[in-house]
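Here the structure is laid out as structure tokens; the discussion comes afterwards.
Below, chains carry the letters A, B, ... as their sequence lines are ordered, and counting in each starts from 1.
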Amino acid sequence: MFPYPSGDLHMGHAEIFTIHDALVRHLRMTGHRVLNPIGWDAFGLPAENAARQRGADPKAWTYANIDEQWRTIVRLGYSFDWDTVLRTCDPEYYRWTQWVFLELFEAGLAYRREALVNWDPVDNTVLANEQVIDGRGERSGALVQRIPRTQWFFRITRYADELLDGLDTIDWPERVKNAQRAWIGRSEGAEVTFTTADDGTEVVVYTTRPDTLYGATYFVFAPEHPLVVERMAGDAEYDAFRDEVSRRSDIERLSGFGDDEAEAAAGAKRAKRGMRLAFDMVNPVDGRRLPAYAADYVLTDYGTGAIMAVPAHDQRDLDFARQEGIDVRVVISPDDGTVLDAATMTEAYAGDGTTVNSGPYDGQPWQETKRRITADLEAQGTGRATVNYRLRDWLISRQRSWGAPIPIVHCPTCGEVPVPRDELPVRLPDDLDFSVAGSPLDLHPTFKHDVVCPACGSDEATRDVDTMDTFVDSSWYFLRYLDPTSEEHAWPVEAASHWLPIEQYTGGVEHAILHLLYSRFFVKALRDLGHVAADEPFARLLNQGQVIMGGKAMSKSLGNLVAPKEVYERYGADTLRATMLFASAPEDDIDWADVSPTGMHKWLSRVWRLTLEHLARIEASGVPGDEDEDRALALRRATAAMVDAAGREYAARKYNTALARMMELTNTLNDVLRTGEAAGVERAVGEALRALLLVLAPIAPFLTEELWGRLGEDGSIHDRRFPDADPGLLVRDTIEVPVQVNGKLRGRVVVAPGTAKDALEAAARAEVAAHLTGDVVKVIVVPDRMVNLVVKG
RNA sequence: GCGGGCGUAUCCCAAUCGGCAGAGGAAGGGGACUUAAAAUCCUCCCAGUGUGGGUUCGAGUCCCACCGCCCGCACCA
């Protein structure tokens, strides 16, 4: 994932880029052609806030940060392709963001409507559902308010099913896929049409349990439901109730469970608030009258904003029914023989059971009732099977001015008119005044009004003054990398079909929903519009862990921040890189309090010293002469084993254990040099060092390059092939096989690899004869691995 | 409450298909070198794998229950 330039690179960036760079360098060394671009997600609020607070020019501010990050990226040796750099805030880029918007608009995937939206009173903008965490704005932390407002949406819900099913086709961490599944929230049920008791007005509800229809004893509307608003117009009590619910949803709902924190911690249930309405509803299956309520626990924007309430089998309904003294009616009898008492039960029963009290459906398993009732409703025209989703359309309007303007002109006669493609980009003015109280774009002297309708030429027309969510910018940037400077097209369709899906995508798990869901939607939509062939943007995802400090997130306010700069200025870039990779597997968090750049620096210095000492010896004694064959062979075997093992560790992206194998070899090298004349093994030492440097090159590019040159090798080490182990050196003459008696280790035998089972067993019996005090009743022989003799008596 | 993940030495962290619990690092003790310190080198110390069951010839690894921690989601009908 590309970085946001809020300042210099932080440890999180260093972590993601280090992992990614080791991976990419290894791929290059194993003969892959790698496209490894970099860019900046350069629109966004911090630039605008800097402008507001310090009078900075957001563009200059952003570019200065990009320059700083760039220098750090170079300093840390990240091998990005420098000729594909892009910045989403450049008009040359956002021109095409606007183009993508128009493509979606014309396909009916971008639309404008009024809705209850999330208003962030601190950042002064609306937010998408995905950007509201626990009722607070993701960035600002402010309590979000629900207000009605006309805004632009992307119709991501059209792809809900495909977004869900596609998860089965991609190699992503399970937790990210689960998060997306939960977010999409598909459920299967039925829509059932109820009617008002007085004039038969139809009201549709969504339920996942149509089999419990006979158990409905009341009916609930969301307080904002249009029918309620209409029917209760002028009712002061209702107005007060609605007001209170709105306030609650802004404060109490968000702060948890009311004022009592102890109660909140214990997970106490939130009291539901409801009001009896002035009319009744009629149950379509049996004609019974159901009292109608408005209550805060029914949401306006899920399902149809109205429910049938079945207290016996839904806990929320039961809580409300007990509170209001409403009847409870049991329609499912538990299979385990428990008898539910409608008068006294306090826990709704949602398990398996047999249908009762439901007229013609009695006596069947509930699943069967569900099928039959749904079919019967359908036949009568009072219901149908449906699928429902938790996912809502993506709200993309932002009342901010450091973003891509929405390329639409509003005309009193023509409505929403797209800006013609050849007039793109709709540029942000350079002279935005950030000292104003509202949106600088809205209040700019000419931006809004200095326009005519592209369709009819009317000068009454105005520009849309909102910008797009910055997640729009980042939902397609990977396509732009394929031809980042083109003025002809957003990206080359043919190349896009070759390079997508991206084989390896690396980034933080904080984007589990946001960026990773939006990008998937974009690719699917753009595919349907013929702009790309792939179904998914990212075939394989690696979520690197977080860098923390002493168990807590690093942050300025906690004063536990360690900047990459501190580390690389003291120890160098290679040490920083290797420290991060050695600390843990890429997926795991790194606690900086636990890691030791000093220790890593010591080891890299050891590699350096071993190489220089080797060179000094060669210089002193000339070309190595005859070898000490046993010690040389042992070293060559150790080298081959390291190359073989490290290669596999690299392939599995386990750089921590790859480094451990390299350290092992330096230990061996040290031992070999200590136990005899260096002259006897000098050639093998040279081979070992060269292999070591090659294997280390993706992790420590600077040190290895320097030593490679000093060893007299031509060209860059980074253009060399990753070494392969000599298979002949991996084969051992003898191996040690543990011998167990009754599962306990009692001895070892040394045999040739591949020794036949019976020969191995014989050797094993001889070895542990002293322990075979009874009859051997069972023998387990795993060739080359172990022998277990089971003795009885 | 639901879903996912993790508990191995003082600490970080390894351990192919279930097959010798220790690869690597850090910290600590002792020693060599040094006028001394740093660096370097040598050496020692250190767990039976959160708890309790089960399967198996054999369990850190598989199954069940529980404890602890972390991360999602959560009035979604």
Rounded interatomic separation in angstrom, taking [atom1] from [X] and [atom2] from [N]:
{"X": "Gln323(A)", "N": "C75(B)", "atom1": "CD", "atom2": "C1'", "answer": "13 Å"}
{"X": "Glu587(A)", "N": "G5(B)", "atom1": "CD", "atom2": "C1'", "answer": "12 Å"}
{"X": "Asp319(A)", "N": "A74(B)", "atom1": "CG", "atom2": "P", "answer": "19 Å"}
{"X": "Glu174(A)", "N": "C6(B)", "atom1": "CD", "atom2": "P", "answer": "12 Å"}
{"X": "Met786(A)", "N": "U56(B)", "atom1": "CE", "atom2": "C1'", "answer": "12 Å"}
{"X": "Asp296(A)", "N": "A77(B)", "atom1": "CG", "atom2": "P", "answer": "17 Å"}
{"X": "His601(A)", "N": "A39(B)", "atom1": "NE2", "atom2": "P", "answer": "12 Å"}
{"X": "Leu673(A)", "N": "C41(B)", "atom1": "CG", "atom2": "C1'", "answer": "13 Å"}

How far, in whole Å, is [M] from [N] if one measures between their [atom1] atoms?
{"N": "C17(B)", "M": "C70(B)", "atom1": "P", "value": "31 Å"}
{"N": "G52(B)", "M": "G7(B)", "atom1": "C1'", "value": "16 Å"}
{"N": "U16(B)", "M": "U61(B)", "atom1": "C1'", "value": "11 Å"}
{"N": "G54(B)", "M": "A9(B)", "atom1": "C1'", "value": "28 Å"}
{"N": "A21(B)", "M": "C67(B)", "atom1": "C1'", "value": "24 Å"}
{"N": "G50(B)", "M": "U40(B)", "atom1": "C1'", "value": "41 Å"}
{"N": "C46(B)", "M": "C12(B)", "atom1": "C1'", "value": "15 Å"}
{"N": "G5(B)", "M": "U43(B)", "atom1": "C1'", "value": "40 Å"}

Do any side-chain nitrogens or oxygens of [X] fall under 4.0 Å of OP1 or OP2 in [N]?
{"X": "Arg609(A)", "N": "C41(B)", "result": "yes"}
{"X": "Arg648(A)", "N": "U16(B)", "result": "no"}
{"X": "Asn667(A)", "N": "G25(B)", "result": "yes"}

What nucleic acid atoms does [X] come within less than 4.0 Å of, heavy atoms only: base, sugar-phosphate, or nothing?
{"X": "Ala306(A)", "result": "nothing"}
{"X": "Glu664(A)", "result": "sugar-phosphate"}
{"X": "Ala182(A)", "result": "nothing"}
{"X": "Met663(A)", "result": "sugar-phosphate"}
{"X": "Asp591(A)", "result": "nothing"}
{"X": "Val298(A)", "result": "base"}
{"X": "Arg392(A)", "result": "base"}

Nucleotide of [options] approaching [X] most closely (side-chain heavy atoms):
{"X": "Arg674(A)", "options": "G19(B), C41(B), A74(B)", "answer": "C41(B)"}
{"X": "Arg175(A)", "options": "C13(B), C71(B), G24(B)", "answer": "C71(B)"}
{"X": "Asn656(A)", "options": "C57(B), G72(B), C13(B)", "answer": "C13(B)"}
{"X": "Ser596(A)", "options": "C13(B), A26(B), C57(B)", "answer": "A26(B)"}
{"X": "Phe582(A)", "options": "G3(B), G24(B), C13(B)", "answer": "G24(B)"}
{"X": "Arg316(A)", "options": "C75(B), C41(B), A14(B)", "answer": "C75(B)"}
{"X": "Arg390(A)", "options": "G24(B), C42(B), C73(B)", "answer": "C73(B)"}
{"X": "Ala660(A)", "options": "G19(B), G24(B), A77(B)", "answer": "G24(B)"}
{"X": "Asp671(A)", "options": "C42(B), C57(B), A77(B)", "answer": "C42(B)"}
{"X": "Arg606(A)", "options": "G19(B), C41(B), C12(B)", "answer": "C41(B)"}

Inset, instruction - Could you check Lys602(A) against Tyr302(A) and say which one's nearest nucleotide on RNA chain B is further toward the 5' end? - result: Lys602(A)
Inset, instruction - Specify the residue among Pro738(A) and Ile513(A) whose closest nucleotide of RNA chain B lies further upstream toward the 5′ end. - result: Pro738(A)
Inset, instruction - Please evaluate the base of C57(B) for a donor-acceptor partner in the side chain of Asn788(A) within a cut-off of under 3.5 Å? - result: yes
Legend entry - Any N/O donor-acceptor pair, Lys272(A) side-chain to C75(B) base, under 3.5 Å: yes
Both distances below 3.5 Å, Watson-Crick or wobble geometry, any strand: find the nucleotide opposite [N].
{"N": "G58(B)", "answer": "none"}
{"N": "A15(B)", "answer": "none"}
{"N": "C69(B)", "answer": "G5(B)"}
{"N": "G28(B)", "answer": "C44(B)"}

Note: [X]-[Y] ion pair, threshold 4.0 Å (strictly below):
{"X": "Asp319(A)", "Y": "Arg316(A)", "answer": "no"}
{"X": "Arg242(A)", "Y": "Glu224(A)", "answer": "no"}
{"X": "Glu767(A)", "Y": "Arg765(A)", "answer": "no"}
{"X": "Glu649(A)", "Y": "Lys654(A)", "answer": "no"}

Inset, instruction - May I ask you to test the Ile780(A)-Val787(A) pair for a side-chain heavy-atom distance under 4.5 Å? - result: no
Inset, instruction - For Glu202(A), look at atom CD and say whether over 12 heavy atoms of other residues, nucleotides or ligands are found less than 6.0 Å away. - result: no
Legend entry - Glu174(A), CD atom: more than 12 neighbouring heavy atoms under 6.0 Å: yes
Inset, instruction - Decide, for G48(B), between syn and anti: a glycosidic angle within 90° of 0 counts as syn, anything else as anti. - result: syn
Inset, instruction - Pull up the glycosidic torsion of C64(B) and say syn or anti, syn being anything within 90° of 0. - result: anti
Legend entry - Aromatic ring pairing Tyr518(A)/Trp394(A), orientation class (parallel under 30°, perpendicular over 60°, tilted between): parallel
Legend entry - Mutual orientation of the aromatic rings belonging to Phe221(A) and His225(A) [parallel < 30°, tilted 30-60°, perpendicular > 60°]: perpendicular
